[in-house]
Amino acid sequence: QVQLVESGGGLVQPGGSLRLSCEASGFDLDGYVIGWFRQAPGKEREGVLCSTGSDSVTYYVDSVKGRFTTSRDNAKNTVYLQMNSLKPEDTAVYYCAARRSGYYSCSRYPAHFGSWGQGTQVTVSS
């Protein structure tokens, strides 16, 4: 069964950093596009960034450019979201999601992704 398991969320002060992990099981992430989404209270889920596994990353939220980056560890079948210089506006539940690569490309729309992590809470507060 295709599964994504997330970890790494928590409470940090403004300016702090967190690294979220998204471990894939039941499939090889090498064949998938991985998107990162977030949902703040009272808001719709929004696409943050997306990566095909190359050095190219598509950002859907301008405010995270220069602060967020994603990487992959193929040996661990895990994708990471490194979040630096965190701001209170970054507070949300963060989700990783997988979409089959090849025919499919990166997308900011949740409905285009078929596999989802359970979500992990990121709270940025003093």
Side-chain angles (χ1 to χ4, degrees):
Q1 191 73 23
V2 176
Q3 292 184 4
L4 296 173
V5 179
E6 297 183 54
S7 62
L11 173 65
V12 296
Q13 293 183 327
S17 298
L18 283 174
R19 188 178 73 164
L20 306 184
S21 298
C22 179
E23 184 177 6
S25 63
F27 68 98
D28 187 348
L29 62 80
D30 182 61
Y32 288 81
V33 169
I34 302 297
W36 289 93
F37 297 79
R38 67 185 182 186
Q39 187 166 19
K43 295 184 178 180
E44 295 182 351
R45 189 170 302 183
E46 66 173 348
V48 180
L49 57 81
C50 182
S51 175
T52 63
S54 67
D55 59 355
S56 179
V57 179
T58 301
Y59 290 90
Y60 301 118
V61 180
D62 286 342
S63 64
V64 309
K65 293 180 180 178
R67 299 190 298 119
F68 290 13
T69 189
T70 185
S71 61
R72 299 190 182 193
D73 186 333
N74 291 326
K76 296 182 178 180
N77 210 33
T78 299
V79 178
Y80 301 98
L81 178 65
Q82 180 67 46
M83 304 183 294
N84 299 322
S85 301
L86 284 162
K87 305 175 180 180
E89 67 188 66
D90 297 318
T91 296
V93 177
Y94 282 74
Y95 301 87
C96 61
R99 189 187 194 193
R100 193 167 62 246
S101 188
Y103 178 80
Y104 300 102
S105 61
C106 276
S107 172
R108 72 173 74 193
Y109 301 108
H112 289 169
F113 290 78
S115 300
W116 289 83
Q118 80 279 12
T120 184
Q121 177 71 48
V122 172
T123 302
V124 185
S125 176
S126 60

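By convention here, the first residue in the shown sequence is residue 1. Hydrogens, waters and symmetry mates are skipped; everything else that's a heavy atom, side chains included, is used.
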Next item on the list: Give the intermediate values and the outcome of side-chain contact (heavy atoms from CB on, under 4.5 Å) for residues T70 and I34.
Entry: CA-CA 9 Å; T70 185; I34 302 297; 5.8 Å; no

Report yes if some heavy atom in the side chain of [X] is under 4.5 Å from a heavy atom in the side chain of [Y]; otherwise report no.
{"X": "V48", "Y": "L81", "result": "no"}
{"X": "Y104", "Y": "T52", "result": "no"}
{"X": "L20", "Y": "T120", "result": "yes"}
{"X": "P88", "Y": "V124", "result": "yes"}
{"X": "V61", "Y": "L49", "result": "no"}
{"X": "L11", "Y": "S125", "result": "yes"}
{"X": "Y94", "Y": "C22", "result": "no"}
{"X": "W36", "Y": "V79", "result": "yes"}

Lys/Arg N to Asp/Glu carboxylate O, [X] vs [Y], below 4.0 Å:
{"X": "R38", "Y": "E46", "value": "yes"}
{"X": "R72", "Y": "D30", "value": "no"}
{"X": "D90", "Y": "K87", "value": "no"}

Notebook entry, point to check: Is N77 reaching over with its side chain to a backbone N or O of A24, donor-acceptor style, under 3.5 angstrom?
Noted result: yes

Item checked: R100 side chain to G31 backbone, donor-acceptor under 3.5 Å -> no

Checklist line | ring-ring contact (aromatic ring centres under 6.0 Å, His included) partner of F37, chosen from Y60, W116, Y109, Y95 | finding: W116

Check: Is the number of heavy atoms from other residues, nucleotides or ligands within 6.0 Å of CZ (R67) greater than 12?
Finding: yes

Item checked: Quiz item: cation-pi between R19 and Y80, 6.0 Å / 45° -> yes

Would you give the length of the straight line joining atom [atom1] of [X] to atom [atom2] of [Y], rounded to the nearest 0.5 angstrom?
{"X": "Y59", "Y": "F68", "atom1": "OH", "atom2": "CZ", "answer": "9.5 Å"}
{"X": "D28", "Y": "N74", "atom1": "CG", "atom2": "CG", "answer": "7.0 Å"}
{"X": "S51", "Y": "L29", "atom1": "OG", "atom2": "CG", "answer": "10.0 Å"}
{"X": "Q118", "Y": "L4", "atom1": "CD", "atom2": "CG", "answer": "9.0 Å"}

Identify the heavy atoms of [X] and [Y] that sit nearest to each other, and give their distance.
{"X": "A98", "Y": "F27", "result": "CB-CZ, 4.0 Å"}
{"X": "Q121", "Y": "T91", "result": "NE2-CG2, 4.0 Å"}
{"X": "S63", "Y": "E89", "result": "OG-OE2, 3.6 Å"}
{"X": "H112", "Y": "S107", "result": "ND1-OG, 2.7 Å"}
{"X": "C50", "Y": "F113", "result": "SG-CZ, 4.3 Å"}
{"X": "S17", "Y": "Q82", "result": "CB-NE2, 4.0 Å"}

